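Notes to accompany the following structure.
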Amino acid sequence: MDSKTLPIITTPRVVLRWISEDDIDSLYEIFSSPQVMRYWSSAPLPDREAAADLQREIAEGNESETMLKWGLALRDSDTVIGTTTLFNLSLDNGRAELGYAMAHAHWGRGYMNEALTALVSHAFEVMELRRLEADVDPRNAASIRTLERLGFQREGFLRERWHVNGEIQDAFFYGLLRREWLKE
Ligand SMILES: CC(C)(COP(=O)(O)OP(=O)(O)OC[C@H]1O[C@@H](n2cnc3c(N)ncnc32)[C@H](O)[C@@H]1OP(=O)(O)O)[C@@H](O)C(=O)NCCC(=O)NCCS
């Protein structure tokens, strides 16, 4: 992986940076939480070993550039409190899917909006993607608000798209175009 593919992105309060083995406990805290994982596309992590596996998968995805996942850290402490992801990258088509999650203790402070504003800008202006997509559970009000505040438009309703933790889930599909972001 080189720092051009996964550059450090800094905003006033947070920094998007690589995730290392030192962040395994933070990953475990975020992705084992039932509140965070309620509408996620997989079940909560069962134990710290699963978080260590996740850290390895993240490193592999970043290396192969198939899934770019940044740790969202507070600048004050450098503690990872969330992740932001560009996945299903299709550079030929100029698009990627956006994903994000944050530890529950940090919700409601605007950190994710700050991080995603910087990441979306990076995706459109540095990576020169043309389109970002997001798939969200219709009941996930916080995430829908996050997307709509960034200007994402609801493009579709996909019925029974997911089967997670024994539950069938519908999805809203959202999209945002570079020309809308740049207000061209
Ligand atoms: C989606 C998710 C990241 C949104 O978190 P969030 O805390 O609502 O998002 P933000 O950090 O951008 O905060 C936004 C809120 O903080 C408020 N806020 C903004 N700046 C602020 C500041 N400087 N100080 C305090 N509050 C602030 C905003 O007004 C907003 O609150 P409101 O929506 O009640 O008006 C979070 O709910 C989450 O991790 N969910 C679980 C994972 C998930 O579902 N991911 C998406 C899958 S599709």
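The chain is numbered in sequence order, starting from 1. Numbering of ligands and ligand atoms starts at 1, following listing order. No hydrogens, no waters, no symmetry mates; every other heavy atom, side chains included, goes into these values. Values in this document were obtained by computation on a predicted structure and should not be read as measured data.
Residue S143 forms a side chain to side chain donor-acceptor pair (under 3.5 Å) with just one option from Y39, Y174, Y100, and that option is Y100.
The parts of N113 lying near ligand 1 are both backbone and side chain, judged by heavy-atom distances below 4.0 Å. At a 4.0 Å heavy-atom cut-off, ligand 1 does not touch R38 at all. With a 4.0 Å cut-off on non-hydrogen atoms, E97 does not touch ligand 1 at all.
Between W162 and D170, the side chains place no donor N or O within less than 3.5 Å of an acceptor N or O (distance only, hydrogens not considered).
For the pair H104 and ligand 1, no heavy-atom separation below 4.0 Å is found. Remark: distances from the non-hydrogen atoms of E114 to ligand 1 are all 4.0 Å or more. Between D135 and ligand 1 there is a heavy-atom distance shorter than 4.0 Å.
The shortest side-chain heavy-atom distance between D78 and V15 falls under the 4.5 Å cut-off. Counting only heavy atoms from C-beta outward, the side chains of L68 and T84 never approach each other to under 4.5 Å.
Of all atoms in ligand 1, listed by their number and element, those nearer than 4.0 Å to a heavy atom of Y111 are 11 (O). Ligand-side atoms of ligand 1 in range of A142: 37 (O), range being under 4.0 angstrom from any heavy atom. Residue V36 approaches ligand 1 through these ligand atoms, each under 4.0 Å from one of its heavy atoms: 41 (C), 42 (C).
The heavy atom nearest to atom 26 (N) of ligand 1, considering only A141, G108, G110, is found in G108.
With hydrogens left out, the protein atom closest to atom 22 (C) of ligand 1 is R109 O, 3.0 Å, a heavy atom. Counting protein heavy atoms only, atom 5 (O) of ligand 1 is closest to M102 CE, 3.7 Å. Distance from atom 45 (N) of ligand 1 to its nearest protein heavy atom, with residue and atom name: Y100 O, 2.8 Å. Nearest protein heavy-atom neighbour of atom 14 (C) of ligand 1: R149 NH1, 3.2 Å. The protein heavy atom nearest to atom 4 (C) of ligand 1 is T146 OG1, 3.5 Å. Of the protein's non-hydrogen atoms, the one nearest atom 44 (O) of ligand 1 is N140 ND2, 2.8 Å. For atom 32 (P) of ligand 1, the closest non-hydrogen atom on the protein side is R145 NE, 3.3 Å. Among all protein heavy atoms, the one lying closest to atom 38 (C) of ligand 1 is W107 CZ2, 3.3 Å.
Contact between P46 and Y28 at its shortest, heavy atoms only, is O-OH, 3.7 Å.
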Derivation and outcome, side chain to side chain contact (heavy atoms under 4.5 Å, CB included), residues L116 and R149: CA-CA 10 Å; L116 292 180; R149 281 176 74 196; over 6 Å; no
Salt bridge (Lys or Arg N to Asp or Glu O under 4.0 Å), that's the test. Do E180 and R131 meet it? Break it down for me. CA-CA 10 Å; E180 294 165 343; R131 171 182 163 82; over 6 Å; no
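Salt bridge E167/R38: present, at least one basic N to carboxylate O contact under 4.0 Å. Under the 4.0 Å criterion applied to side-chain N and carboxylate O atoms, E97 and K69 are not assigned as salt-bridge partners.
Here the CG-OG1 distance, from L119 to T11, works out to 11.5 Å after rounding to the nearest 0.5 Å.
Under a cutoff of 6.0 Å and an axis angle of 45°, R154 and F172 form a cation-pi pair.
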